[in-house]
Amino acid sequence: MKKLPRSFYTRSPLLVAQDLLGKILVRKIGKHVFSGKIVEVEAYRGELDPASHAYRGKTKRNEVMFREGGFLYVYFTYGMHFCANVVTGKANKGEAVLIRALEPIEGIEDMKRNRNMPPDKEPMYSLTNGPAKLCQALDIDGGNNGTDLLGEEIFLTEGKSLLKSATGTSTRVGISRGKEKKWRFFIKGNAWVSKK
DNA sequence: CGACCGATTGACT
DNA sequence: GTCAATCGGTCGG
């Protein structure tokens with residue numbers, strides 16, 4: 001399938017977030033290939049958005065957010081978890097979209113191993129139904145921060161087209177500022193969407 | 001420097 | 001439902 005071009009990413013995070021639903025995230029590591037359909041995302045609007053890591057401007061930690069769209073921003077939080085974002089917009093905007101949940105497609109046995117789940121169990125929603133869970137499943141950590149999504153290691157491709165009516169919006173999860181903004185987007189009824 | 005807290009998860013009452 | 005794990009960023013003194 002066709003890799004998404006730079007122009008997909010260099011737009012507003014609100015547009016990119018909605019358009020990311022249904023796209024396929026591919027992660028290659030050695031001989032292993034992981035892939036999954038994006039089913040839940042949240043937009044973070046840079047210096048305009050008090051919930052964004054970019055709100056207070058560029059630092060060593062969030063430098064990748066201030067690149068042009070199409071790079072991967074991976075951050076460490078709660079002392080143990082990694083979360084992955086797609087950087088959007090033009091350079092120096094600090095905009096990104098958090099990938100919150102995936103529906104696994106390829107590499108499910110390896111994802112189970114990465115998540116310490118018994119391999120004989122059926123695929124379960126708990127494999128990738130949260131931003132830190134999917135990073136653990138796909139073996140994404142701080143070392144992947146700054147990866148160019150137009151490269152061969154981690155990238156996105158087109159998926160099946162999705163009707164607008166199949167998606168929903170809500171407020172974002174786990175934040176204390178900017179609570180009222182409905183910048184979370186998800187595929188309605190999909191079993192891998194976090195929270196329930 | 002110390003205190004607080006976070007774009008979370010999983011274990012436990 | 002509550003709460004600990006665990007550490008880097010941020011802010012106040």
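In the text below, chain A, chain B and the rest are named by the order of the sequence lines, each starting its count at 1. The figures that follow rest on heavy atoms only: side chains count, while hydrogens, waters and symmetry mates do not.
Here salt bridge (charged side-chain N to carboxylate O under 4.0 Å, His left out) pairs that include residues 155-170 of chain A, with residues two or more places apart or in two chains, are A:K23-A:E158. Annotation: salt bridge (charged side-chain N to carboxylate O under 4.0 Å, His left out) contacts involving residues 24-36 of chain A, sequence neighbours excluded, comprise A:R27-A:E153.
Salt bridge absent: A:D148 and A:R67 never bring a charged side-chain N and a carboxylate O closer than 4.0 Å.
Between the C1' atom of C:dG8 and the CG atom of A:N145 lies a distance of 14 Å, rounded to the nearest Å. In this structure, the CZ atom of A:F82 is 10 Å from the P atom of C:dG8, given to the nearest Å.
Within 6.0 Å of atom OH in A:Y55, 12 or fewer heavy atoms from other residues, nucleotides or ligands are found, so the atom counts as exposed in its surroundings. The local environment of NZ in A:K112 is crowded, with over 12 non-hydrogen atoms from other residues, nucleotides or ligands closer than 6.0 Å.
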Grab the N/O contacts between the protein and nucleotides 11-13 of chain C below 3.5 Å, and write none if there aren't any.
from	atom 1	to	atom 2	distance (Å)
C:dC11	OP1	A:R56	NE	2.4

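Applying a 4.0 Å cut-off to non-hydrogen atoms, none of the residues of residues 8-25 of chain A approaches DNA chain B.
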Determine which bases of DNA chain C form Watson-Crick or G-U wobble pairs with both distances under 3.5 Å, and write the result as a 5' to 3' dot-bracket string with | for other-strand partners. |||||.||||||.
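Taking the P atoms as reference points, B:dC5 lies 15 Å from C:dC3, given to the whole Å.
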Contact letters for nucleotides 3-13 of chain B, in which S counts primed atoms plus P, OP1 and OP2 and B counts the base, heavy atoms under 4.0 Å: ---BBBSS---
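Exactly one of A:L25, A:L102, A:L21, A:I24 qualifies for a side-chain contact (heavy atoms from CB on, under 4.5 Å) with A:K37. That residue is A:I24.
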